[in-house]
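Written below as structure tokens is the structure these notes are about.
Note on naming: letters A, B, ... go to the chains in the order of the sequence lines (proteins, then strands), and numbering restarts at 1 for each one. Just so it is clear, the values below take in all heavy atoms, side chains as well, and ignore hydrogens, waters and symmetry mates.
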Amino acid sequence: MNAREAERSLLSMVGVFKTFLARDGTPFAAVEDLSLEIEAGQTVSLIGESGAGKSTCGKLALGLFAPDSGSVVVDGTEILGLSARAMRRCRGKLGVVFQEPHQSLNPRLTVMRIVAEPLLIHERSLDRKVRSERVRQALDAVELPWAYREKTPRQLSGGEAQRVGIARAIVHNPLLLVLDEPTSSLDLSVQAGVLQLLERIQQNHGLGYLYISHNLPTVRFLGGWTLIMKDGRVVEEGPTSTLLTTPKSEYAQELLGAELSIF
Amino acid sequence: MGTLLTVKGLSIGFRQYGVMTNVIHGIDLAIQEGERVGIVGESGSGKSLTARSIIRLLPIGAIPTVSKLQFKDLDLQQIPERRMRSVRGSRIGFVAQNPFGALNPVMRVWRQFARLYASHGAAGAKAEWRQRTEEILRSVGLDEAGRVADAYPHELSGGMAQRVVIAMAVALEPELLVADEPTTALDLTVQKRILAVLDRVTHTGTRSLLLVTHDLGVVTELCERVYVMYQGRFVETGPTLSVLRHPQHPYTEMLVNSMPSRLRDIQREPGGPGTPRGAETMSQGCGFAPRCPYAFDRCTIEVPALESRESECLAACFHERLPDRPVGSAMTPRPRA
């Protein structure tokens, strides 16, 4: 990756607000005045407790929610107000990995078909052979044997299923991955493998990551830049290593103080 | 202090299509009076089944066999279910992972406490029970005890509901509290408060704790002693800090090294996504052998027993002892397929 590419802004959110209506009609501000920027090869993490608005941010970045105000720019294109067709083209630059590996995979499809899905949407002109080669490369990247293409999600362990989820997220060569708690439902030793895998994929492909998590050690592992959210607002942000060692705001201190260690 | 609970030779199996499959393989466990003991392990290792077998609340279909299940003067294996029901709550309290699953959704909190008192034969008037409820709710840090007592479970946050469950579990002053992943569903700051509550209700030294968790930090916070479980067997046990900082069993070492904070220091071993499926359910030998970098011939034939090591720990491994080195410098976690 050359220097110019490294500075390429993949995602830029500026002054984003998103309000939902509760069942009784009262407005609920899920995200207030959020701004963040992700460049190629960079990881930006969103941490906070449940209800802080982390996942809403991820969905705003993916264009799955439209913000009430503010702008969301993906690789130079403002996605607010895009036509469905243009939005689809834009989504080809994005990939997403969800928390529950098994729930995010169609149980009736084979691994081959699951991983090929983004290609069937974003690169429809590919012929069968090339498509299958691309799936092979993606499975390779997540270190799953080629023989796994014939399995169905039910035959996979949690860690394997999450690898399939990651393969699907990267098969169409996106620029940015939204990782919404990708390791929270995994065992410690499985999580270790997935974290190392994510790091390697980023190094090899120069992907930008929007990493959403409440697990501080994993955030620390991935490094980059971190925003701490509470009740829809960013309470503090900074380089991950300094933010997680010397937080300034009261809430950040409380959050980090609650972290347990064996040392 | 005497022994509170002794479990010997506990096995649990499930019968499927007429074939018995064992998931717990003859484990021994002991808890001293006032001692706080943890069981750590990854999903499917059998830690919850082990804890639940003590209060005889196993899932349908589970078939336990045990040679000894002694709780002080009581032989829990022998007593009839009627008697067991009075033991649960009054002598052994239980806290599950999901507080909302443990509370009756259509009954106010204080009424659920009243039922608890009534079902254990406590005499008294409603007003008295209600007052006792508020007292015990205050003791677990619910300052607005009156409001909580009047609430339905859905009106409580996850952290408040878990406090209510803990209050209920200790309301009859049991000698043992069994907690199965009590903070797993909770946010970090809430977890910290719940751990403080569990600490408060057990640190008097008169009440023992059996804590099941997959979180090494949680077990370090609360328990003096820990059992590390892998595939239905205890592979290592000893004082918590000693076990986690100087693991004697390769599985414990891998578990500790899987913590994201340790991953950086570790060289990645080649080997792809780990063991082929099926190797996990080997019928003989050490269950960890297929993933173990120290494994040799004997490991695939015989199952090692827990034996004492130089440290105060017991480990079930044929390997003489792990090289003495700081945690985090050696072994890579190998993903489990």
Notebook entry, point to check: Closest approach of B/Pro260 and A/Pro217, non-hydrogen atoms and distance?
Noted result: CB-O, 3.4 Å

Check: With a 4.5 angstrom heavy-atom cut-off, which part of A/Gln191 approaches chain B: side chain, backbone, both or neither?
Finding: side chain

Notebook entry, point to check: Is any side-chain heavy atom of B/Thr220 closer than 4.5 Å to a side-chain heavy atom of A/Ser261?
Noted result: no

Next item on the list: Could you look at A/Leu186 and say if it's the side chain, the backbone, both or neither that has a heavy atom under 4.5 Å from chain B?
Entry: neither

Check: Is there a donor in the side chain of A/Glu49 and an acceptor in the side chain of B/Thr189, or the other way round, less than 3.5 Å apart?
Finding: yes

Note to self: So, taking the atom named CG in A/Asp187 and the one named OG in B/Ser45, what distance separates them when rounded to the nearest 0.5 Å?
What the structure shows: 8.0 Å

Notebook entry, point to check: CD1 of A/Ile262 to CE of B/Met259: how many Å apart, nearest 0.5 Å?
Noted result: 4.0 Å

Next item on the list: Please round to the nearest 0.5 Å and tell me the distance separating atom CD of A/Glu259 and atom CG of B/Leu188.
Entry: 7.0 Å

Notebook entry, point to check: Looking at side-chain heavy atoms only, is the closest gap between B/Leu195 and A/Leu260 below 4.5 Å?
Noted result: yes

Check: What part of B/Leu241 gets closer than 4.5 Å to chain A, counting heavy atoms only: side chain, backbone, both or neither?
Finding: side chain

Notebook entry, point to check: side chain to side chain contact (heavy atoms under 4.5 Å, CB included) between A/Leu188 and B/Glu42: does it pass, once the steps are laid out?
Noted result: CA-CA 7 Å; A/Leu188 199 54; B/Glu42 296 181 294; 4.0 Å; yes

Check: Relative to chain A, which of B/Asp215, B/Thr240, B/Leu255 shows the most heavy atom pairs under 4.5 Å?
Finding: B/Leu255

Check: Are the side chain of B/Asp187 and the backbone N or O of A/Ser50 linked by a donor-acceptor pair below 3.5 Å?
Finding: yes

Check: Quick one: does B/Lys192's side chain have a donor or acceptor within less than 3.5 Å of a partner on A/Gly257's backbone?
Finding: yes

Item checked: Nearest heavy-atom neighbours spanning A/Ser189 and B/Ser258 -> CA-OG, 3.3 Å

Check: What part of A/Leu255 gets closer than 4.5 Å to chain B, counting heavy atoms only: side chain, backbone, both or neither?
Finding: both

Item checked: B/Val219, part contacting chain A, at a heavy-atom distance under 4.5 Å -> neither

